[in-house]
Colleague: 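I have a structure here, written as structure tokens, and I will follow up with some questions on it.
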Protein chains: 2
Amino acid sequence: MKDEKKRGRPRGFDAKAAIGKAREVFWDRGFTAASLDNLSAATNLNRPSLYGAFGDKEELYLDTLEGYREDSMDVLADALDPSLPLRENIARVYAGALAIYLHGETAARGCFLIGTAAAEAVQHVRIREVLGRSLNDFDDEIENRMQLAVERGELPQSADPQALAKLASAVMHSLAVRARAGDSRETLEAIARSGVDMICGREQG
Amino acid sequence: MKDEKKRGRPRGFDAKAAIGKAREVFWDRGFTAASLDNLSAATNLNRPSLYGAFGDKEELYLDTLEGYREDSMDVLADALDPSLPLRENIARVYAGALAIYLHGETAARGCFLIGTAAAEAVQHVRIREVLGRSLNDFDDEIENRMQLAVERGELPQSADPQALAKLASAVMHSLAVRARAGDSRETLEAIARSGVDMICGREQG
DNA sequence: TCATTTTTGTACCGATCCGCATAAAATATC
DNA sequence: GATATTTTATGCGGATCGGTACAAAAATGA
């Protein structure tokens with residue numbers, strides 16, 4: 001089903017790669033401030049090709065959000081490897097997040113969703129929905145690990161997996177905002193360590 | 001010094017009120033997407049008046065950020081009234097934040113700084129600096145209360161006031177993002193309660 | 001009353017915005 | 001090779017952008 005030859009001129013670019021380049025532009029500038037000229041230059045696609053492949057600017061932006069969401073969920077699933085202790089899992093979640101947030105050309109970019117989609121969320125319903133769904137999916141994935149931790153005895157029976165997951169996410173949301181606000185890696189790593197202690201307890205490791 | 005009559009035609013508007021109206025526009029739309037036409041309509045000022053009083057769009061936006069920062073610090077100082085128990089202080093901080101975040105005409109707007117300034121932070125250095133400074137000032141104010149709590153015995157001597165303050169802020173940052181993402185008041189209030197428990201311990205109250 | 005100073009309103013500026021019309025280029029099918 | 005179909009490239013077009021020139025309006029000072 002992948003090589004069903006379509007009639008007509010074949011496209012001379014890789015759509016996934018183009019979305020990746022577009023993501024960089026949106027990440028740095030935000031949805032509104034990113035112009036089609038910026039996007040066209042970054043992807044090496046002229047505007048009609050962009051439009052033909054992805055629709056208008058909002059649709060392209062939603063595609064980049066979706067790609068980021070999937071990548072993030074992959075990083076999260078990897079960090080939450082259940083063969084590792086919970087404490088290490090959460091530490092890896094924050095380390096993975098910071099690796100993404102602190103990667104910027106001029107300034108750290110933080111989280112793509114929180115840094116750019118939140119700004120549009122009031123006016124653009126579809127963007128708000130993607131943002132909300134992404135945050136919830138993230139919470140749920142962590143909650144599953146928390147639930148497992150309770151069953152295994154890594155957390156006391158009295159622990160509330162949902163509440164712990166929301167708070168673990170909250171630390172990450174804060175890292176996302178603070179990274180984009182210019183906080184240093186050292187500051188952010190200290191917050192991450194405090195967060196691990198707070199979620200998993202200080203006694204271990 | 002207030003009534004030193006200036007020569008020339010007196011301005012027919014209140015600058016503070018105009019900044020307040022402009023803040024609403026920026027809060028809903030973000031800095032880039034808010035047009036001077038939007039701002040002009042909301043403030044009932046034509047563009048030359050806006051420009052004469054506040055400078056260009058970025059300067060006006062920075063003025064609205066500064067006003068929000070001051071208002072927020074006032075709310076924070078009020079919530080942290082040291083004659084109240086720490087647990088109640090933190091609960092009041094979150095309640096005050098949610099009262100601001102959930103006030104929106106169509107959708108909840110979250111935090112003005114986190115929701116709109118973060119998006120511009122990578123490209124606009126001055127906006128990034130205001131955002132970073134605001135977050136730090138907030139942390140510091142909470143840290144002072146945490147320090148007092150240690151001295152009073154509300155928290156154990158082993159508690160780290162700075163780390164606790166950053167985590168307390170982190171919960172608020174998460175509320176800010178989640179509010180703008182569309183989470184319900186009930187969901188946010190549950191997170192706030194969990195946050196209070198996590199910061200102050202579950203035993204009290 | 002008249003000159004000076006500041007604000008206000010209209011109208012406009014060049015630049016940029018997003019999207020598309022049109023035609024050439026490159027493939028598959030007949 | 002001819003036709004159909006899709007992608008590419010150029011360039012435009014109406015709308016909107018942020019900012020300002022200019023003159024009328026409204027105050028003070030002489």
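Residue numbering restarts at 1 for every chain, and letters A, B, ... go by the order of the sequence lines.
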Colleague: Is the distance from OP1 or OP2 of dG18(D) to the nearest side-chain N or O of Y51(B) less than 4.0 Å?
Modeller: no
Colleague: Taking only distance into account, with no hydrogens and no angle test, what donor-acceptor pairs under 3.5 Å do side-chain atoms of residues 88-102 of chain B form with protein atoms, sequence neighbours excluded?
Modeller:
| unit_1 | atom_1 | unit_2 | atom_2 | d |
| --- | --- | --- | --- | --- |
| N89(B) | OD1 | R145(B) | NE | 2.6 |
| N89(B) | OD1 | R145(B) | NH2 | 3.0 |
| N89(B) | ND2 | A79(B) | O | 2.8 |
| N89(B) | ND2 | D81(B) | O | 3.0 |
| R92(B) | NE | A79(B) | O | 3.3 |
| R92(B) | NH2 | D78(B) | O | 3.0 |
| Y94(B) | OH | A168(B) | O | 2.8 |

Colleague: Verify side-chain contact (heavy atoms from CB on, under 4.5 Å) between E24(B) and T64(B), making sure each step is shown before the conclusion.
Modeller: CA-CA 9 Å; E24(B) 302 291 314; T64(B) 65; over 6 Å; no
Colleague: What residues from residues 21-40 of chain B pass a heavy-atom cutoff of under 4.0 Å to DNA chain D?
Modeller: A34(B), S35(B), L36(B), D37(B)
Colleague: Can you list, in residue-number order, the parts of residues 120-131 of chain B that come under 4.0 Å of DNA chain D, counting heavy atoms only?
Modeller: none
Colleague: Quick one: do the D197(A) and S194(A) side chains pair a donor with an acceptor below 3.5 Å?
Modeller: no
Colleague: Rounded to whole Å, how long is the line connecting atom CG of D56(A) with atom C1' of dC20(C)?
Modeller: 13 Å
Colleague: So which pairs with a foot in residues 177-196 of chain B pass ring pair (Phe, Tyr, Trp, His ring centres under 6.0 Å), sequence neighbours left out?
Modeller: none
Colleague: Testing the 3.5 Å rule here: is there a donor-acceptor pair between the side chains of Q147(B) and E143(B)?
Modeller: no
Colleague: For residues 45-58 of chain B, which residue pairs qualify under salt bridge (Lys or Arg N to Asp or Glu O under 4.0 Å), counting only residues two or more places apart or in two chains?
Modeller: D37(B)-R47(B)
Colleague: Between Y61(A) and T116(A), is any side-chain donor less than 3.5 angstrom from a side-chain acceptor?
Modeller: yes
Colleague: Might you work through the salt bridge (Lys or Arg N to Asp or Glu O under 4.0 Å) test for R69(B) and E66(B), ending with a clear yes or no?
Modeller: CA-CA 5 Å; R69(B) 202 182 75 84; E66(B) 186 58 30; 3.4 Å; yes
Colleague: Measure centre to centre between the rings of H124(B) and F31(B), then say whether the value is under 6.0 Å.
Modeller: yes
Colleague: Within this structure, what is the CG-to-P distance between L50(A) and dC20(C), rounded to whole angstrom?
Modeller: 13 Å
Colleague: Would you call the rings of Y68(B) and W27(B) parallel, tilted or perpendicular, where under 30° means parallel and over 60° means perpendicular?
Modeller: perpendicular
Colleague: Just by protein heavy atoms under 4.0 Å, how would nucleotides 6-13 of chain D read 5' to 3' in B, S and -?
Modeller: BBSBB-B-
